[in-house]
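Working notes, structure below.
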Amino acid sequence: MSDHPPSNRLEIEQPTRGADRNRSISSQPDTASDDILLPSLEDGITVLDVDGSRGVPILQSIVLDHLLMRDGPAFWVDANGHATTTTLSRIAPSQRLLDRIHVARGFTASQHYGAVCDLPMAVNHCIQESTTEDSLRGQQSTGHDEDTSPYTPSLIVAPAIDAQYRADDTLGEAQAETLQARALAKLATYAEGYDIPVLVTRSKRDEFAAPVETAADHRLECEQTRMGPKISGDDFETLLYPVDGGAYYQTTFAYWRQLLAARATQVGVEPATPSTPTQEGVGTGVTADGETVAATADPLLDAWTATGTGGR
């Protein structure tokens with residue numbers, strides 16, 4: 001699509017770690033057009049764990065972001081109502097993007113496993129329909145990503161992969177675990193066969209769902225902070241949070257430390273070299289008069305007791 005930010009197109013040509021991209025954004029004067037806050041999905045199974053909730057908006061945002069950057073449809077094997085159209089339609093920038101998502105729902109363990117097994121048949125049917133429609137229109141679809149096809153899948157989504165297998169009363173524990181393992185094996189086969197990412201979540205982090213993490217090639221974890229959801233992975237970490245007016249908040253302590261160090265150098269204040277902590281204190285400090293004094297673990301106490309400052 002032609003309305004993607006230029007930085008996202010460059011991301012495909014020159015892939016970099018997500019944290020590095022965010023640091024480069026923070027140094028740019030205008031970051032409003034560079035909305036790189038979501039991780040790129042790699043080929044293989046990626047498990048997304050969202051702290052404190054089902055994380056439906058987070059999951060859907062990652063899926064839609066991937067589709068914006070890749071051609072081809074997404075095949076979604078749903079459980080527990082994660083493919084809700086209410087939030088999808090609110091998040092998606094266009095209806096055409098939603099048309100590329102094909103959803104199958106499994107309300108029992110057998111239905112869910114059957115949908116996973118039937119996925120290649122659904123893919124072939126989608127390819128036949130798409131190529132037939134394009135030939136009738138006399139059009140040849142051209143996408144913005146030369147490495148992907150507009151017909152073959154670009155993503156498989158299977159949220160709450162463990163939900164139906166743990167909840168089905170008709171299955172014994174061993175049968176449920178076996179069926180879940182077979183579903184994961186099928187998804188791993190599709191990821192390798194189509195060379196695409198498979199994004200999964202789990203309803204609980206317990207022993208029953210442990211095989212989900214074992215089968216995963218990559219892991220993303222999302223935690224809710226007061227500044228917004230923070231997503232962390234092996235090669236990605238959300239560092240920037242947008243606010244009104246196109247500005248960004250940065251909540252990482254290391255960033256603020258670097259920023260203050262640079263500001264200190266700019267105004268001519270050289271940071272003191274830390275020394276080895278002693279039994280009485282944690283190092284030394286320099287007063288406004290240039291006097292070197294011992295520093296304790298309490299900076300307010302240091303200021304209060306320093307000689308020549310009116311303290312005790």
Side-chain angles (χ1 to χ4, degrees), residues 7-8 11 15-26 31 34-42 44-69 76 78-84 86-88 90-92 155-163 166 184 187 197-244 246-260:
S7 59
N8 285 356
E11 179 189 355
T16 57
R17 295 178 69 251
D20 294 335
R21 293 199 306 272
N22 280 336
R23 292 191 190 98
S24 65
I25 292 174
S26 64
T31 59
D34 294 291
D35 190 16
I36 307 177
L37 301 173
L38 295 171
S40 300
L41 297 176
E42 305 294 335
I45 296 180
T46 297
V47 57
L48 169 66
D49 287 322
V50 181
D51 183 35
S53 70
R54 296 196 306 154
V56 173
I58 298 297
L59 173 70
Q60 293 182 353
S61 297
I62 294 176
V63 171
L64 292 172
D65 182 68
H66 181 83
L67 290 179
L68 285 169
M69 299 303 301
W76 188 311
D78 196 46
N80 287 5
H82 283 72
T84 162
T86 304
T87 52
L88 269 173
R90 291 175 59 185
I91 297 174
L155 177 65
I156 295 174
V157 189
I161 184 67
D162 60 315
R166 72 165 70 239
L184 289 169
L187 293 175
V198 173
L199 180 61
V200 303
T201 67
R202 45 187 170 173
S203 59
K204 295 180 181 179
R205 297 194 218 182
D206 56 12
E207 185 177 356
F208 184 84
V212 179
E213 186 169 359
T214 302
D217 303 294
H218 317 283
R219 181 179 177 185
L220 295 172
E221 188 164 2
C222 177
E223 59 177 318
Q224 301 294 337
T225 72
R226 63 187 184 90
M227 297 304 303
K230 176 182 178 181
I231 305 176
S232 302
D234 294 337
D235 297 321
F236 182 88
E237 181 181 7
T238 302
L239 298 178
L240 302 175
Y241 296 89
V243 294
D244 294 340
Y248 282 77
Y249 278 132
Q250 165 59 269
T251 61
T252 303
F253 175 78
Y255 169 85
W256 287 113
R257 183 172 57 189
Q258 295 173 6
L259 183 64
L260 291 174

Determine whether Leu59 and Val50 satisfy the following criterion, side-chain contact (heavy atoms from CB on, under 4.5 Å), listing intermediate values before the conclusion. CA-CA 9 Å; Leu59 173 70; Val50 181; over 6 Å; no
Are the side chains of [X] and [Y] in touch, meaning some heavy atoms are under 4.5 Å apart?
X	Y	result
His66	Leu38	no
His82	Asn80	yes
Leu220	Leu41	yes
Arg166	Asp206	yes
Thr201	Arg54	no

Just by modelled atom types, is the Arg219 backbone N or O under 3.5 Å from a matching donor or acceptor in the Thr46 side chain? no
Is the shortest side-chain N to carboxylate O distance from [X] to [Y] below 4.0 Å?
X	Y	answer
Lys204	Asp162	no
Lys230	Glu221	no
Arg202	Glu213	yes

Should Val63 and Leu199 be marked as a side-chain contact (heavy atoms from CB on, under 4.5 Å) after you check the CA-CA gap, both sets of side-chain angles, and the distance that decides it? CA-CA 8 Å; Val63 171; Leu199 180 61; 4.0 Å; yes
State, to 0.1 Å, how close [X] and [Y] come at their nearest heavy-atom pair, and which atoms those are.
X	Y	result
Ile45	Leu184	CD1-O, 4.0 Å
Pro159	Ala79	O-CB, 3.8 Å
Leu155	Pro197	CD1-O, 3.4 Å

Within this structure, what is the CD1-CG distance for the pair Ile62 and Leu48, rounded to the nearest 0.5 Å?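 Between Ile62 CD1 and Leu48 CG, I get 5.0 Å after rounding to 0.5 Å.
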When rounded to the nearest 0.5 angstrom, what is the spacing between CH2 in Trp76 and CD in Gln60?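 Going from the CH2 atom of Trp76 to the CD atom of Gln60 covers 5.0 Å.
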Evaluate His218 against Asp235 for side-chain contact (heavy atoms from CB on, under 4.5 Å), listing each step before the verdict. CA-CA 10 Å; His218 317 283; Asp235 297 321; over 6 Å; no
Could you give me the CA-CA distance, side-chain angles and deciding distance for Asp217 and Val198, then say whether side-chain contact (heavy atoms from CB on, under 4.5 Å) is met? CA-CA 10 Å; Asp217 303 294; Val198 173; over 6 Å; no
